[in-house]
Amino acid sequence: MSRLRREQIVGLLMTLPALLLLSIFFLYPLFNSFWMSLHKWPLFGKPKWIGLDNYVWMINDERFWQCLKFTLVYTITVTPMLFIVAIGTALLCNVKTWGTTFFRSIYFLPVVMSFATASFVWLWLYSEWYGVIIFLLKAIGFGPEDGQLSVWTDGWTAMWAVNTMVTWKFAGIQMIILIAGLQSIRDDYYEASRLMGASRFQTIWNITLPLLRPSIALALILSIAGSIQAYEQFQIMTRGGPMNETKTLVMLTIGMGFDYFKLGPAAALGVIIMSILFVITIIQLRLFRKAY
């Protein structure tokens, strides 16, 4: 047996545990969900093949389009918030000075908190009775001083309240990704820009951002994928209200499967969400590849 062949066999054996876990916890559930989506799948009893009827039923359901619209609006609004905060903190924390490591840790600290815990903390901050944020909003003139002010009575303000929490929670992980990209840029480029008299803004625009495209692409893919799959923050903070205005696709999927036991339509909706994620990710990768 040749040396190359032995190395290939050793490499395959070393990847087998990961491939096994991937098959059990991802590929099999993925295939099973697709198979369920093609059946009328009762909670008890034998499944019945119905082809694409579940997909047709979901597409004709008004709730699907309402949740899809909100999920896309949420994704479009929260992604720039995350990126702006992340790139700003990354540029600040990439400066080689005293205290940089401390501030990196402070900005990253919310990431280690669980999503549920963060949602409950911010739910308390937004409380119309004793919330600090509501108190500050009243102090600067938003809402009546003596009456109650709630951000949950309107779908638009509820979404932005959740956006703020998500930005605080996840900007730290994107900051770390961008800092890693910033530290991979050679100092020669910056020295050349200083010799040519480039301003700070010109250096960031013409050197930093172009060379940071791979890190930006990774951060945006993670942000958009997480936003499309949003569930915990809205389930805890808004419960989809008011009037289902903040109900996401994943909330609709879980409600369809576990509240109404419509397992076939729920599986079809899961496949649709996966397809949306796949298409968006491919488009992003192609756009960044062309730009790079």
Side-chain angles (χ1 to χ4, degrees), residues 4-59 61 63-64 67-68 71-72 74-75 79 111 114-116 166 170 173-174 176-177 214-215 217-235 247-289:
L4 179 61
R5 186 64 175 174
R6 287 199 302 270
E7 290 179 351
Q8 290 175 340
I9 294 174
V10 171
L12 179 61
L13 291 174
M14 294 180 68
T15 57
L16 273 179
L19 291 174
L20 183 62
L21 292 174
L22 180 67
S23 300
I24 294 174
F25 294 106
F26 179 74
L27 295 180
Y28 172 72
L30 180 64
F31 173 78
N32 198 41
S33 296
F34 179 70
W35 184 250
M36 287 178 64
S37 71
L38 301 176
H39 292 75
K40 183 178 181 181
W41 202 284
L43 193 61
F44 301 102
K46 187 177 181 180
K48 178 183 177 182
W49 174 271
I50 57 174
L52 299 177
D53 287 358
N54 285 324
Y55 293 93
V56 174
W57 185 79
M58 284 305 310
I59 291 174
D61 191 337
R63 293 173 298 176
F64 167 74
C67 294
L68 175 62
T71 302
L72 293 178
Y74 166 69
T75 302
T79 299
V111 177
S114 71
F115 217 157
V166 172
F170 281 108
I173 190 65
Q174 295 200 6
I176 295 299
I177 294 172
S215 299
L218 176 60
L220 289 180
I221 288 172
L222 292 176
S223 175
I224 292 175
S227 300
I228 295 292
Q229 300 175 82
Y231 173 70
E232 295 101 322
Q233 60 269 47
F234 289 103
Q235 178 64 31
K247 196 168 188 176
T248 65
L249 283 175
V250 176
M251 291 177 69
L252 179 62
T253 304
I254 293 176
M256 195 76 65
F258 293 97
D259 293 340
Y260 300 103
F261 302 110
K262 295 182 178 179
L263 303 182
L269 188 51
V271 173
I272 292 173
I273 295 173
M274 183 201 65
S275 302
I276 293 172
L277 282 172
F278 179 77
V279 171
I280 292 176
T281 303
I282 292 298
I283 292 173
Q284 282 184 280
L285 290 175
R286 286 179 178 260
L287 289 175
F288 275 96
R289 189 178 300 170

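It should be emphasised that the depicted structure is a prediction, and the values quoted were computed from it without experimental measurement. We number each residue from 1, following the sequence as shown.
The structure places CD1 of Ile221 at 4.0 Å from CG of Leu285, a figure rounded to the nearest 0.5 Å. Note that the CG atom of Leu269 and the CE atom of Met58 stand 4.5 Å from one another [nearest 0.5 Å]. Interatomic distance, CD of Gln284 versus CD1 of Ile224, reported as 3.5 Å (0.5 Å rounding). Interatomic distance, Ile228 CD1 to Ile280 CD1, rounded to the nearest 0.5 Å: 4.0 Å. Within the model, atoms CG of Leu72 and CG of Leu249 stand 7.5 Å from one another, a figure rounded to the nearest 0.5 Å.
Under the rule for a side-chain contact (heavy atoms from CB on, under 4.5 Å), the partners of Leu21 that lie at least two apart in sequence or sit in another chain are Phe25. Qualifying side chain to side chain donor-acceptor pair (under 3.5 Å) partners for Ser114, counting only residues two or more places apart in sequence or in other chains: Thr117. Under the rule for a side-chain contact (heavy atoms from CB on, under 4.5 Å), the partners of Ala230 that lie at least two apart in sequence or sit in another chain are Tyr74, Gln233, Phe234, Thr248. For the side-chain contact (heavy atoms from CB on, under 4.5 Å) test, residues two or more places apart in sequence or in another chain that qualify with Ile282 are Phe278, Arg286. Taking Leu263 as the reference, Met36, Trp41, Leu43 meet the side-chain contact (heavy atoms from CB on, under 4.5 Å) condition, with sequence neighbours excluded.
Thr253 is not listed as a side-chain neighbour of Ile272, based on a closest heavy-atom distance of 4.5 Å or more. You'll find the side chain of Asp53 stays beyond 4.5 Å of the side chain of Leu38, heavy atoms only.
Contact between Pro29 and Ser23 at its shortest, heavy atoms only, is CD-O, 4.2 Å. Summarising the geometry of Pro42 relative to Pro47, their closest heavy-atom pair is CD-CA, 3.9 Å, with the distance given to 0.1 Å. Between Ile173 and Val111, the closest heavy-atom pair is N-CG2, 3.5 Å. Thr79 approaches Ser227 most closely through the heavy-atom pair OG1-OG, 4.2 Å.
Using modelled atom types, one side-chain atom of Asn54 and one backbone atom of His39 make a donor-acceptor pair closer than 3.5 Å. Thr281 places a side-chain N or O within donor-acceptor distance of the main-chain N or O of Leu277, the cut-off being under 3.5 Å. Of the possible polar contacts, none joining the Gln235 side chain to the Tyr231 backbone as a donor-acceptor pair under 3.5 Å is found.
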* Could you walk me through whether Trp57 and Lys262 pass the side chain to side chain contact (heavy atoms under 4.5 Å, CB included) test, one step at a time? => CA-CA 11 Å; Trp57 185 79; Lys262 295 182 178 179; 3.8 Å; yes

* Would Thr71 and Val250 count as a side chain to side chain contact (heavy atoms under 4.5 Å, CB included) if you check the C-alpha gap in whole Å, the side-chain angles of each, and the deciding distance to 0.1 Å? -> CA-CA 9 Å; Thr71 302; Val250 176; over 6 Å; no

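Annotation: side-chain hydrogen bond (donor to acceptor under 3.5 Å, both in side chains) contacts involving residues 27-37, sequence neighbours excluded, comprise Ser37-Tyr55.
Separation of the Phe44 and Phe261 ring centroids does not fall under the 6.0 Å cut-off.
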